[in-house]
Amino acid sequence: MALTQEQILALDKAHIWHPYSSVNSAAELYAVDHCQGVEIVLKDGRRLIDGMASWWSMIHGYNHPELNQAIKDQVDNMAHVMFGGLTHEPAARLAKSLVEITPVGLEQVFFSDSGSVAVEIGQKMAIQYWHAKGHPQKNKMLSLRLGYHGDTFAAMSVCDPVTGMHQLFNGVLTEQFFTEAPACKYGEAWDEKYLLDIRQQLQQHHKTLAAVILEPIVQGAGAMRFYSADYLRRVSELCKEYGVLLIADEIATGFGRAGKMFACDFAGITPDILCLGKALTGGYMTLAATLCTNEVAETICAGEAGCFMHGPTFMANPLACAVANKSIELLLANDWQPQVLSMETALREGLAPCTQQASVEDVRCLGAIGVVEMKEPVNMATITPLFVEQGVWVRPFSTRVYVMPPYCMAPAELQKLTSAICSVVERL
Ligand SMILES: *Cc1c(COP(=O)(O)O)cnc(C)c1O
């Protein structure tokens with residue numbers, strides 16, 4: 001027999017952790033009954049237009065018939081099989097399309113379970129690369145302040161030291177190098193002065209640096225900021241100049257979110273290593289991938305270890321690969337770019353009234369991402385119910401009230417979402 005809403009909430013309260021939460025949290029939790037299209041339907045019957053796309057991932061909407069079918073077909077064939085010594089069609093197809101759609105030159109694909117793990121793998125690749133080249137001392141990362149790269153230890157070590165709470169894990173986290181967050185905003189006129197800090201860091205530390213790791217163009221969870229494509233292009237050049245690899249973390253930006261298929265495309269660059277996750281499976285299942293150039297792969301495999309030292313149990317899970325293949329097929333068939341660009345216009349227009357509010361610092365949009373930056377951090381426990389009352393699902397973080405809706409959201413639904421944000425912000 002199905003559990004009632006009360007039973008679910010009681011069991012949750014007794015036993016379950018939620019992301020970044022206290023088990024004693026008094027904040028209201030909402031039990032979901034099902035999801036359809038761009039809506040989350042709660043157990044009590046309320047319907048919420050989803051502004052979060054389940055954290056950047058659900059790009060085609062919930063309960064999509066073709067994505068559902070891809071999983072149903074695959075599950076009757078095989079749900080999983082180990083990837084050591086074995087391979088299969090879903091993985092082969094997925095590797096081929098990832099190589100085709102990512103920046104030219106990325107040829108080798110390493111599948112894993114989640115974004116954070118893809119970031120760990122990217123760092124291991126960079127370290128093994130320099131080890132194989134006879135430079136084992138090149139094993140540190142240079143990262144951008146305000147960055148976010150995940151929650152596992154190596155991923156945490158390259159997150160912003162303040163918002164990533166490095167002091168809490170002091171002595172355990174690997175100490176990395178940090179450069180200022182890019183000061184040149186997206187679309188702003190470029191000036192070489194914006195490179196001063198990162199150039200100095202590279203000059204000073206390149207002998208111990210394996211790689212620069214960054215989120216291209218969009219600093220996501222740590223900041224929700226958009227920076228200049230010139231910065232990205234110039235950093236890519238500086239990495240070559242100083243003999244340091246570039247790891248691009250496109251876990252949030254990949255698959256069209258910012259208006260280009262990959263944010264690296266804004267600058268026309270190919271990183272040495274690229275991390276993908278989130279929207280890879282259209283939000284259906286956890287799957288991530290770390291891609292690299294042939295040069296990186298060949299060097300690692302010619303090294304002392306003779307192989308890359310990683311191999312997750314659920315590597316290239318066939319169900320996840322099958323739904324990822326269908327998601328990419330839908331994306332390419334859907335004319336995603338005009339869709340995302342018209343969302344940018346609608347978000348810009350819909351959120352514009354927020355700029356009138358004294359409590360608002362800045363409103364900015366890029367692709368299917370809309371951000372209202374407040375002057376003060378919002379109280380998530382009190383603001384969430386206000387959004388739910390308005391029939392939308394928006395989960396702000398710190399000073400940022402932001403949305404990245406599914407690409408399939410209709411103009412009227414998007415307008416309901418932006419009006420709800422404006423009216424909630426007005427009440428703060
Ligand atoms: C979400 C995110 C990660 C971590 O991915 P998980 O799947 O949550 O481990 C890493 N990097 C970026 C840029 C992200 O947005």
Side-chain angles (χ1 to χ4, degrees), residues 17-21 52-59 102 110-126 141 143-161 163-165 173 176 178 181-182 211-227 232 246-258 260-264 266 271 273-291 310 312 314-317 320 323-324 327 366-369 371 395-398 400 402-405:
W17 287 99
H18 283 265
Y20 291 96
S21 72
M52 307 306 289
S54 281
W55 275 334
W56 315 78
S57 66
M58 190 60 70
I59 55 178
T102 52
F110 195 100
F111 291 111
S112 62
D113 318 273
S114 74
S116 302
V117 176
V119 168
E120 302 270 330
I121 288 166
Q123 294 186 47
K124 277 171 93 169
M125 282 179 176
M141 304 292 144
S143 179
L144 276 47
R145 287 188 184 273
L146 300 182
Y148 177 77
H149 296 284
D151 292 349
T152 55
F153 275 95
M156 257 202 301
S157 78
V158 290
C159 289
D160 182 87
T163 59
M165 297 210 293
L173 275 190
Q176 312 283 18
F178 289 89
V212 167
I213 181 166
L214 50 73
E215 298 156 278
I217 309 295
V218 180
Q219 289 197 292
M224 298 304 295
R225 292 166 88 242
F226 314 132
Y227 66 83
L232 179 58
L246 177 62
I247 305 176
D249 177 353
E250 293 235 23
I251 290 163
T253 47
F255 306 99
R257 178 55 69 181
K260 303 266 188 197
M261 186 59 104
F262 294 95
C264 284
F266 282 98
I273 295 167
L274 175 75
C275 304
L276 301 176
K278 291 201 162 104
L280 174 57
T281 61
Y284 265 60
M285 298 184 68
T286 180
L287 180 72
T290 309
L291 281 76
H310 207 94
F314 287 98
M315 188 168 182
N317 173 258
V323 72
S327 175
L366 184 69
I369 312 168
V371 185
R395 196 160 166 83
F397 180 68
S398 178
R400 294 160 310 262
Y402 63 98
V403 287
M404 52 266 179

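Scope of the values below: all heavy atoms of this structure, side chains included, with no hydrogens, waters or symmetry mates. Counting convention: from 1, in listed order, for ligands and their atoms alike. Residue numbers start at 1 and run along the sequence shown.
- Looking at Phe262 and Phe255, their side chains come closer than 4.5 Å, going by heavy atoms from C-beta outward.
- The shortest distance between side-chain heavy atoms of Leu366 and Val218 falls below 4.5 Å.
- At least one side-chain heavy atom of Phe153 sits under 4.5 Å from a side-chain heavy atom of Leu173.
- Listed for the Ser143 side chain is a donor-acceptor partner under 3.5 Å among the backbone atoms of Val158.
- Across every non-hydrogen atom of Ala289 and Leu280, the tightest pair is N-CD2, 4.2 Å.
- Protein residues having at least one heavy atom under 4.0 Å from any atom of ligand 1 are Ser114, Gly115, Ser116, Tyr148, His149, Gly150, Glu215, Asp249, Ile251, Ala252, Lys278, listed by chain and number.
- Side chain of Glu215 to backbone of Tyr148: a donor-acceptor contact under 3.5 angstrom is found.
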